[in-house]
S.K.: 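Submitted below is the structure of interest, expressed as structure tokens.
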Amino acid sequence: MNGWKLTYHDFVPKQELLRETLTTLGNGYIGTRGAACETGPSDIHYPGTYIAGVYNALPTKIAGKTIYNEDFVNCPNWLVFRYKIDDGPWFHYFEAIILDYKLELDMHNGVLSKHFRFQDTKGRITSITHQRIVSMADPHLMAFVYTFRPENYAGKITIFTGLDGQVVNGGVERYKQLNNKHLVPVDVGKFGEDGIYLRSKTTHSKIKISEAMRTFAYKDHKRFFPELNLVQFGRHSCMHELVLDVQKNHRYSVEKIVAVYTSKDQGITDDLQEAIQKAGQAHSFSQLYDNHKQKWKKLWSLFDIELDGDDFFQKVLRLHTFHLLQTASCHNQSIDAGMPARGLHGEAYRGHIFWDELFILPFYDIRAPEISRALLMYRYRRLGAAKKYAAQHGYKGAMYPWQSASTGDETTQIMHLNPLSGNWGPDYSANQRHVSAAIAYNVWKYYYASADDQFLQDYGAEMIIEIAHFWSSISEYNTKTGRYDISGVMGPDEFHEKYPDSKEGGLKNNAYTNVMAVWVIEKALFILDHLLSPKKRKVLLSKAGINQQELERWHDITKKMTIVIDENGIISQFEGYMDLEELDWDYYKEKNNNIHRIDRILKAEKKSPDYYKVSKQADVLMLFYMLREETLEHIFEKLGYQFDPSIFEKNFDYYYPRTSHGSTLSLVVHSYVCSIFKHKSNTLKLFKEAMESDIYDTQGGTTCEGIHTGVMAGTIDVFLRVFAGLEILHDKIGLNPDLPESWKAVRFQICHKNVRFKIAIDSKCLKIEAKPKSKTEETPSGIPVQIKHSTYQLVPEKLYTFSL
Ligand code: BGC
């Protein structure tokens with residue numbers, strides 16, 4: 001099956017950590033890295049299991065200060081499976097001769113398989129097959145099967161299979177100086193004939209985590225019942241020990257079924273009892289696998305993008321879709337968790353939730369909007385914390401934290417380590433107040449695509465209004481210019497934290513922040529005036545403490561916010577940016593293999609990127625990624641600035657050469673922006689670089705610590721927006737395809753306001769069929785679509801073909 005499999009035919013120690021991330025299995029509730037089950041953590045392997053929303057904060061003394069970090073807890077390792085033949089050594093990849101090797105992720109069925117043969121020092125050859133799933137059908141279940149076939153011997157294989165709670169958070173090198181022991185043991189024991197369990201608790205958040213495991217054995221596919229001895233290591237870990245009498249060329253399989261619950265789970269009384277009960281009900285790996293496959297089939301029918309003509313893009317589109325669905329899926333509706341920037345795949349950024357959701361939610365909005373809604377509810381539940389955060393800084397309304405984890409409090413670290421210099425320095429990135437605009441934007445986009453008015457009325461409107469209130473309160477009227485300024489903030493470009501030589505973090509009039517502040521305020525005013533009943537409007541305004549005078553200020557801000565633009569139409573990233581020095585890019589490129597993180601290079605040289613025109617990622621250009629031309633034109637003109645369409649190309653030409661793409665999000669944005677002014681070859685080049693970023697770990701090590709969910713979703717979004725020309729308009733979708741010549745055809749489905757569209761595009765024609773999700777009395781007789789700028793009314797469930 002083309003494009004469904006990620007296959008590795010060799011065991012390459014240096015690549016293992018990356019492969020483990022890329023072969024992680026998950027279901028939105030839990031994720032387990034594709035680590036080898038036969039060995040523990042080392043420089044080559046890092047078994048990590050993470051549960052959405054399970055965080056713990058620990059203090060560490062760094063550079064004389066006690067700092068707290070809220071980490072994404074590495075939960076007990078359920079993979080442990082060790083064995084030896086007769087009295088030989090425990091199997092280890094380095095101590096055996098590996099004869100054949102194949103690791104394969106089958107994304108269609110959500111299964112990870114490994115097949116290898118090894119020869120030990122006594123010449124015994126064993127063939128191994130291993131399959132693993134994390135159930136998409138039941139989020140609490142995980143399972144694997146491990147099969148031995150002795151090729152040239154008979155003997156005894158002793159196996160330890162179990163649950164290990166003696167794990168720490170050790171997956172990210174630069175966090176290693178921080179305290180990392182998040183779990184304390186609670187209990188271990190056995191249940192039934194073939195079950196063992198382990199219960200642990202996080203030290204600070206006091207979340208109990210229970211894993212219950214059952215062991216089944218088969219000889220040539222027929223179940224048998226070897227003796228299972230419980231081996232305990234204190235209350236930290238427990239194993240089943242079993243000994244198989246193996247004969248030449250027969251197959252012996254050991255299955256492991258594991259159920260996981262935590263005390264955070266909804267609708268349960270006791271996590272351990274639930275886990276034991278769930279594991280007790282499971283019959284076999286194959287039964288779980290069948291249900292799991294069915295669920296994946298259903299998901300793929302909604303989410304798959306088929307692309308004929310480019311095998312690499314086809315595979316990566318699926319890889320990105322697969323990992324996104326493993327990070328947030330249908331199960332998120334009963335979980336209180338946001339979308340971690342690095343998935344359930346590793347410990348980078350500590351499982352925190354950033355503005356990256358801006359790139360991610362469109363992926364769900366137009367396919368399974370209920371998942372977007374679940375992610376937005378994570379933010380709504382933390383609206384109180386955002387209001388408190390704003391108040392602590394002397395602002396009104398809701399200011400969301402740059403990094404969010406369990407409570408919605410700010411979890412951005414206050415010190416960070418430069419791995420090049422080994423120095424800890426202050427971290428000002430929490431000044432990225434633009435995250436609040438991203439949340440308002442996500443609410444609006446979700447509403448726009450889903451028509452979920454109930455959500456807007458009950459939650460969304462309140463969030464947008466509270467965020468608008470914050471933007472108004474952070475804006476200061478400048479009597480000299482007659483305009484409003486926003487100071488003390490950082491834009492998306494994290495290299496610029498402060499003005500050169502300043503002792504305080506923050507910059508003035510970051511263009512992206514200011515324009516988005518206006519956008520949010522305008523949306524809030526629109527919602528208040530047009531989408532709420534007078535009663536609801538009154539209730540929300542009074543809850544937020546907003547009076548008529550404040551609303552007048554909002555109107556004023558939409559006419560007078562500052563954007564600094566020079567005489568050539570270049571929007572200044574922030575006030576004062578144009579006075580910074582130019583960086584000698586050629587010098588640094590020549591001296592370093594990779595200058596993505598030029599900030600670290602400069603800091604290691606005791607310089608600072610604050611002095612230079614050097615950006616980590618798109619900042620000004622973000623405006624062009626997010627807002628349609630008409631919207632930008634409207635905002636600029638209302639503010640009294642000139643807007644002409646050449647602004648896209650001019651600003652791209654200015655900022656692109658001054659950007660190091662230290663965040664791969666940057667590639668996604670630049671690729672899209674090029675498409676606006678029809679720079680086809682650059683669009684495709686940058687899109688390809690973004691597509692390569694995780695699968696090839698082009699940033700040199702970051703993917704080993706977790707996937708980049710923002711880029712994964714951003715590439716899928718850009719694919720549809722650029723190449724299928726998809727636009728989500730208020731009352732319809734628009735399609736204006738522009739496929740690269742080598743692509744033969746693209747097929748996908750999307751959902752817009754409760755109508756599902758099946759779309760197929762090739763170089764000659766576009767086929768489309770619209771099907772309302774449910775037939776109600778309101779089902780329209782004609783469903784509008786815009787194809788190449790003309791609007792047509794589609795009769796539901798009729799296939800239409802349009803020539804291109
Ligand atoms: C980027 C941020 C992003 C964060 C998490 C950083 O490297 O600069 O924009 O939010 O990673 O993905």
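Counting convention: from 1, in listed order, for ligands and their atoms alike. For reference, positions follow the sequence shown, starting with 1.
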S.K.: Against heavy atoms of A341, which atoms of ligand 1 measure under 4.0 Å?
M.R.: 5 (C), 12 (O)
S.K.: Are any of the N/O atoms in D356 less than 3.5 Å from those in ligand 1?
M.R.: yes
S.K.: May I ask you to decide whether R382 forms a salt bridge with D336, counting only side-chain N to carboxylate O separations under 4.0 Å?
M.R.: yes
S.K.: What atoms of ligand 1 come closer than 4.0 angstrom to any heavy atom of K616?
M.R.: 1 (C), 6 (C), 7 (O), 8 (O)
S.K.: What is the nearest protein non-hydrogen atom to atom 6 (C) of ligand 1, stated with its residue, atom name and distance?
M.R.: Y349 OH, 3.3 Å
S.K.: Is any NZ, NE, NH1 or NH2 atom of the basic residue among D485 and K508 found under 4.0 Å from an Asp or Glu carboxylate oxygen of the other?
M.R.: yes
S.K.: So, does Y55 use its side chain to make a donor-acceptor pair with the main chain of S205 at under 3.5 Å?
M.R.: no
S.K.: Could you pull out, from F359, W355, F354, the option with a heavy atom nearest to atom 2 (C) of ligand 1?
M.R.: W355
S.K.: Do NZ/NE/NH1/NH2 and the carboxylate oxygens of E705 and R174 come within less than 4.0 Å?
M.R.: yes
S.K.: Considering the heavy atoms of W402, write down every atom of ligand 1 situated less than 4.0 Å from one of them.
M.R.: 10 (O)
S.K.: Give a yes-or-no answer on whether the side chains of H708 and D694 include a donor-acceptor pair shorter than 3.5 Å.
M.R.: yes
S.K.: Looking at D71 and R350, is there a salt bridge between them, counting it only when a charged N and a carboxylate O are closer than 4.0 Å?
M.R.: yes
S.K.: Below 4.0 angstrom from a heavy atom of L665, which ligand 1 atoms are there? Numbered from 1 as shown, please.
M.R.: 9 (O)
S.K.: Go through the side-chain N and O atoms of Y175 and E347 and say whether any donor and acceptor fall under 3.5 Å apart.
M.R.: no
S.K.: Considering non-hydrogen atoms of the protein only, which is the closest contact for atom 1 (C) of ligand 1, and what is the distance?
M.R.: Q617 OE1, 3.6 Å
S.K.: Below 4.0 angstrom from a heavy atom of S663, which ligand 1 atoms are there? Numbered from 1 as shown, please.
M.R.: 1 (C), 8 (O)
